[in-house]
Amino acid sequence: MKLRVLPLAFVAVLAWSCKEKTAEEVKPESIKELFAEDFLIGTAVNNGQINGDASQASLIAKEFNVLTAENVMKSSLIHPEEDTYNFEMPDKLFALAEKNGQKVHGHTLVWHSQLSPFIAAIEDSASMAEALKAHIEAVAGRYKGKVYSWDVVNEAVEGDGSLRQSVFLKTMGEGYLPWAFKMAAEVEPDADLYYNDYSMTGKAKRDGVIKMVKKIQESGAKIDGIGMQGHWHMDFPTIQEIEESILAYSALGLKVAITELDIDVLPNPQGVSGAEISQSAELKAELDPYTDGLPADVSAALAKRYADIFALFYKHRDKIDRVTFWGVNDGDSWKNGFPVQGRTNYPLLFDRNNQRKEAYDAIMKVKDK
Ligand code: G3I
């Protein structure tokens, strides 16, 4: 009798373990898995990470399915002189993404900042068009077929909605905007082409961006998406402002991406931007209060802020194509140096030892509700 029962029990256990698991039973083990059906989850990567820094390599491979170069694909780095291109680090980035099975978002083709000095010095329209054409052909051309999406134009609109008086606008007039998108589409017809900017939730700026994008669309140029950078704060912008903006950009018939997400937990130093806080103990205590670690109440508030934001993204998952964090761990973040240098900020999902923060765990529960 015993001999017959045992094999039957064994078969039952085997059948149970081989049963195809339903979606509820498979617990996502990373943020990219959690949102796999909803939107891509990306991160910006710096030089150490592109070079495969062992302390973060497996984390980057596990958590993210799209990479953006934090700096090395900007024109002053990739194309510092008219006939000089630095493709070594970008090539390594593409190799890393390929190894990890990740996509690459290209950042960025036309931007007034971190601009090659020889382009910044151009004073006439024909020379600017020639230089930008050569730049786009060389950079977008090199990675043709390998880029998921490109920031074609970055930060061309001011807070009041007017066009930024950049060297591109000054030399080529506003026609540079549709022209850049047409040029990018000629060189790389398969990637999604984005306009990317910060403070995209402000009403005046949003209206200006929409006006500009409509003109690009009316010109017949290909534009596929709007990137909202997402350098946000604990109480600003509000969830309502973010939602209104996602809806407004999506109403243009474009994809929306959150392209550079981080949440600044430090006091906003109105009027002391660039302050040398190391010279004043009082100022340092006021502006850099968490040098010994993030207090529990602030950590909880940050977790709630991230959960609220991701609940909104999930609600609008039909409009959002990608959410990219601007860095992997808190120590990597540009926010430790801006707008005040040398502070200790906590804007990301992983701590300085690459451990998941409370904010990470809160995001992982967003779809439970
Ligand atoms: O690599 C050099 C190093 O050799 C040198 O010794 C050091 C001295 O300052 O500078 C290093 O370069 C810095 C670079 O980051 C790499 O760390 C630059 O000074 C610094 O200006 C640069 O900052 C970058 C910033 O863009 C420049 O505008 C940040 O890392 C990067 O996170 C930030 O990213 C931008 C997005 O591209 C566009 N949206 C806003 C976002 C935040 O500013």
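Just so we're clear, the structure is a prediction, and the values are computed from it rather than from any experiment. Computed from heavy atoms alone, side chains included, the values below leave out hydrogens, waters and symmetry copies. Just so you know, ligand 1 is whichever comes first in the structure, and atom 1 is the first atom listed for that ligand.
Within the cation-pi definition used here (under 6.0 Å to the ring centroid, within 45° of the axis), K255 does not qualify as a partner of Y194. Cation-pi geometry between R206 and Y249 is not met: the NZ or CZ atom fails to fall both under 6.0 Å from the ring centre and inside 45° of the normal.
Closest to atom 34 (O) of ligand 1, if we only count protein heavy atoms, is W326 NE1, 3.2 Å. At the shortest separation from atom 26 (O) of ligand 1 among protein heavy atoms lies K74 NZ, 3.1 Å. In terms of protein heavy-atom proximity, atom 16 (C) of ligand 1 is closest to N71 ND2, 3.6 Å. Among protein heavy atoms, the minimum distance from atom 32 (O) of ligand 1 is reached at E70 OE2, 2.5 Å. Atom 40 (C) of ligand 1 has as its closest protein heavy atom E260 OE1, 3.3 Å. Atom 25 (C) of ligand 1 has Q114 OE1, 3.8 Å as its closest protein atom, hydrogens excluded (heavy atom only).
Within the 4.0 Å heavy-atom criterion, the part of W111 lying near ligand 1 is the side chain and not the backbone. Proximity of F338 to ligand 1, defined as any heavy-atom pair under 4.0 Å, is not found for any part of the residue.
Within a 4.0 Å radius of atom 36 (C) of ligand 1, the protein has at least one heavy atom. Atom 4 (O) of ligand 1 lies below 4.0 Å from none of the non-hydrogen atoms of the protein. Shown here, atom 1 (O) of ligand 1 is out of close reach of the protein: none of its heavy atoms lies under 4.0 Å off. For atom 21 (O) of ligand 1, the protein comes within 4.0 Å by no heavy atom at all. There is no protein heavy atom less than 4.0 angstrom from atom 18 (C) of ligand 1. Within 4.0 Å of atom 13 (C) of ligand 1, not a single protein heavy atom is present. Remark: atom 9 (O) of ligand 1 lies closer than 4.0 Å to no protein heavy atom. In this structure, atom 30 (O) of ligand 1 is in close contact with the protein, since a protein heavy atom lies within 4.0 Å of it.
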What do the steps show when you test E158 against K205 for salt bridge (Lys or Arg N to Asp or Glu O under 4.0 Å), and what is the final call? CA-CA 6 Å; E158 298 279 11; K205 180 150 181 172; over 6 Å; no
Using the rule given for side-chain contact (heavy atoms from CB on, under 4.5 Å), can you reason through F350 versus K357, listing the C-alpha separation, both sets of side-chain angles and the distance that settles it, and then say yes or no? CA-CA 5 Å; F350 298 92; K357 289 165 60 182; 5.5 Å; no
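Side-chain contact between V323 and I41: present, with at least one pair of heavy atoms (C-beta onward) separated by less than 4.5 Å. Side-chain atoms of K74 and L115, non-hydrogen and from C-beta on, never get closer than 4.5 Å to each other.
With sequence neighbours left out, the side-chain contact (heavy atoms from CB on, under 4.5 Å) criterion links L96 to L67, N100.
Other residues, nucleotides and ligands place no more than 12 heavy atoms under 6.0 Å from the NZ atom of K365. Within 6.0 Å of NZ in K133 there are 12 or fewer heavy atoms belonging to other residues, nucleotides or ligands. Environment of CG in D318: crowded, with over 12 heavy atoms of neighbouring residues, nucleotides or ligands closer than 6.0 Å.
Taken from CZ in R352 to OG1 in T344, the straight-line distance is 5.5 Å, to the nearest 0.5 Å.
Interface of W334 with ligand 1, defined as ligand atoms under 4.0 Å from a residue heavy atom, comprises 32 (O), 42 (C), 43 (O). Atoms of ligand 1 found under 4.0 Å from any heavy atom of H107 (numbered from 1 in listed order, with element): 36 (C), 37 (O), 38 (C). Applying the 4.0 Å criterion to heavy atoms of E155 picks out, from ligand 1, the atoms 38 (C), 39 (N), 40 (C).
Ring pair H107/W326 is perpendicular by interplanar angle, where above 60° counts as perpendicular and below 30° as parallel.
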